[in-house]
Asks: 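Have a look at this one.
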Amino acid sequence: MPIRPPSEDDVLELGEELFLDLTPDEVEFYHEQLTDNLEEYETIQAYDPEPRGPITRTRPRNPGTRLDDDEDPHNAWVTKCEVEGDEDGPLSDWEVAIKDNVAVAGVEMTCGSNVVEGYVPNADATVVSRLLEAGADVVGKANMDDMAVTRVGHTAFGPITNPRDDDYLAGGSSGGSAVAVVEGEADAAIGSDQGGSIRIPASLCGIVGHKPTYGLVPYTGCVGLEHTIDHPGPMAPDVETAAKMLTAIAGSNAAHLRRPTDVPTERYEDALDGDVSDLSVGVLEEGFDKPDGDPGVDEQVRDAIELLEERGATVEEVSIPLHEDADTIHKICTNEGLVAAMMGQGVGHGWKAWYSTSWVEAFGKFQRAQGYDFPPNLKLKLLQGLYTLSRYHSRYYAAGMNLMLELAERYDAVLEEYDVLAMPTTDVTAPAHDPDRDAFDRLLETDVPANTSPFNRTGHPGISVPAGEVDGLPIGLMLVGARFEDATVLNAGYAVEQARTEVGQ
């Protein structure tokens, strides 16, 4: 499609948006120059407009089908499909669910939103191609919070209810992935985590969810919120399954240059011996006793930590006061990060990796045609982010990002003395499902307070493992380690899992 030159009115509007205060003579001059310069864009148009890129569609697949309510009572799926993996491989015969902001070529990707409903990727995300090469079969696209901006379990296609009790929600934004695992409809699932979206539904539904070290698993082919916080990772019924999945998907690739150097990987399942006799655990004081938290959750998590101590780990209290405000700081930074992503047509700019031009073009069109259908939470974040960006010149974003650097240093300092930090994944159990609340009521009344988001900003790996129940609803213990010490984190989680099994929990 040839690029259309702007009018003089377009130039004037662009100048106003950029605060350039153009004079009439400047408008005329820049209009002429812009029109002439557009010929340069034909250079790109002369090439294939959608290069095949690093991830290709090579296996037979069907476009998938939607399920009715009887087949999908918890609303876990957007689409069921069949994409067979290689015949031989470490994950042979595994059936895997893929969160619906992760591209599976030839299968609709909605991001839990009716704004982009109908978009079909033409290439697999790197994590998908790696799972297929490892022998896993993709059996469907799992439902998720609308555009991944909330963490409770509400999608454009209805609520994702909790498989432990459908009077409650599954949590989000990877709620469908968690439900598919709990219900045995998938052996494991891929989630994505920008503020806790793997670990929160894992905690609330009673499974394992691991957010890898930032950059350990390529985000190529996944739709994110902000480059600095995007993480794909495994969700599974147990730690061993999560570790095997991480082994299959970890490692840098040429198309994913957010982390330009090779990343260290290993066979993570080989680290699972459950021996914690040399493990040191720092129990993060600020992760407990939150004003909006449930004391029963804190008690259960401390009981789970005691199991590590009983197995020989050294357990001591540690304090990082800045952690108390970290979730608020994360939200402030995310608001402006979302504006940048939206202005970049759902991808953003300025990072070295493969871009899906089909997604960029489709998202831009969908956004302009149906932006009114974005969820209220996303609209509020965008309005707030654009306001502080334009009126306060990103002062608060910059200050918040600087605070996150300081927080990362404080975590690092403690993790030089301790192998892992321990705290509740979420401060509460699953939120109640109230079908009478509309989207605006939910915006004001429903949230899931958690300890998860700081580690998206700092990049430390974190796992949520089941730690018991409160009033019949699951809760999770989160263990956080030094960057690229994912094996240590997984083994600590494995030890908790084994200890709980031994005592019959």
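In what follows, residues are counted from 1 in the order of the sequence shown. Everything quoted here is computed from the prediction, not taken from an experiment. Heavy-atom basis, side chains included; hydrogens, waters and symmetry copies ignored.
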Asks: Is there side-chain contact between F157 and S113, with at least one heavy-atom pair below 4.5 Å?
Replies: no
Asks: Name the residue from K80, R66, K141 that meets the salt bridge (charged side-chain N to carboxylate O under 4.0 Å, His left out) definition with E108.
Replies: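 Output: one option passes, namely R66.
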Asks: L246 versus V217: any side-chain heavy-atom pair under 4.5 Å?
Replies: yes
Asks: Going by side chain to side chain donor-acceptor pair (under 3.5 Å), T247 matches just one of R130, E269, E266. Which one?
Replies: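 With T247 as partner, R130, E269, E266 yield a single side chain to side chain donor-acceptor pair (under 3.5 Å), made by E269.
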Asks: Donor-acceptor check, side chain of E497 to backbone of V239, threshold 3.5 angstrom: yes or no?
Replies: yes
Asks: Under the side-chain contact (heavy atoms from CB on, under 4.5 Å) rule, collect the residues that match up with L383, sequence neighbours excluded.
Replies: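 Applying side-chain contact (heavy atoms from CB on, under 4.5 Å) to L383 gives none.
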Asks: Inspect the contact between R151 and D145 and indicate whether a charged nitrogen and a carboxylate oxygen are less than 4.0 angstrom apart.
Replies: no
Asks: State whether D238 and K244 are salt-bridged, where the test is any N-O pair (Lys NZ or Arg NE/NH1/NH2 against Asp/Glu carboxylate O) under 4.0 Å.
Replies: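 Here D238 does not pair with K244 in a salt bridge, since their nearest N and O are not under 4.0 Å apart.
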Asks: For a 4.5 angstrom cut-off between non-hydrogen side-chain atoms, does R61 reach D124?
Replies: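 Result yes, sub-4.5 Å side-chain heavy-atom pair found.
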Asks: Can you list the steps and then say if H231 with Y219 is a ring-ring contact (aromatic ring centres under 6.0 Å, His included)?
Replies: CA-CA 7 Å; H231 301 70; Y219 207 73; 8.2 Å; no
Asks: Answer yes or no: is there an ion pair linking D438 with R442, defined by an N-O contact shorter than 4.0 Å?
Replies: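 Not counted as a salt bridge, because no side-chain N and carboxylate O are separated by less than 4.0 Å.
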Asks: What's the separation between atom CG in N377 and atom OG1 in T150, rounded to the nearest 0.5 Å?
Replies: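 One finds 6.0 Å between CG of N377 and OG1 of T150.
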Asks: How would you list, by chain and number, every residue that makes a side-chain contact (heavy atoms from CB on, under 4.5 Å) with A170, sequence neighbours excluded?
Replies: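 Per chain and number, A170 pairs via side-chain contact (heavy atoms from CB on, under 4.5 Å) with I160, V179, C205.
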Asks: Measuring only between side-chain heavy atoms, which start at C-beta, is T65 closer than 4.5 Å to T79?
Replies: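 When only atoms from C-beta onward are counted, T79 and T65 do not touch, as no gap falls below 4.5 Å.
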Asks: Test of understanding: with side-chain hydrogen bond (donor to acceptor under 3.5 Å, both in side chains), list the residues that count as partners of D373, not counting sequence neighbours.
Replies: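 With neighbours one apart ignored, the set is Q370.
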Asks: Is it the case that over 12 heavy atoms from other parts of the model lie below 6.0 angstrom from the CG atom of D10?
Replies: yes
Asks: Hey, what's the ring geometry for H460 with F455, parallel, tilted or perpendicular (30° and 60° as the breaks)?
Replies: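 The arrangement is perpendicular - the two ring planes meet at more than 60°.
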Asks: Salt bridge or not for R457 and E226, using N-O below 4.0 Å?
Replies: yes
Asks: Taking CG in D69 as the centre, count heavy atoms belonging to other residues, nucleotides or ligands within less than 6.0 Å. Is the count above 12?
Replies: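 No, CG of D69 has 12 or fewer neighbouring heavy atoms, counting only those of other groups under 6.0 Å.
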Asks: Would a 4.5 Å heavy-atom cut-off, applied to side chains only, mark M147 and L378 as touching?
Replies: yes
Asks: Shortest non-hydrogen contact from L225 to A148?
Replies: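 L225 and A148 have their closest heavy atoms at CD1-O, 3.6 Å.
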Asks: Using a 4.5 Å cut-off on heavy atoms from C-beta on, say whether the side chain of F374 contacts that of K379.
Replies: yes
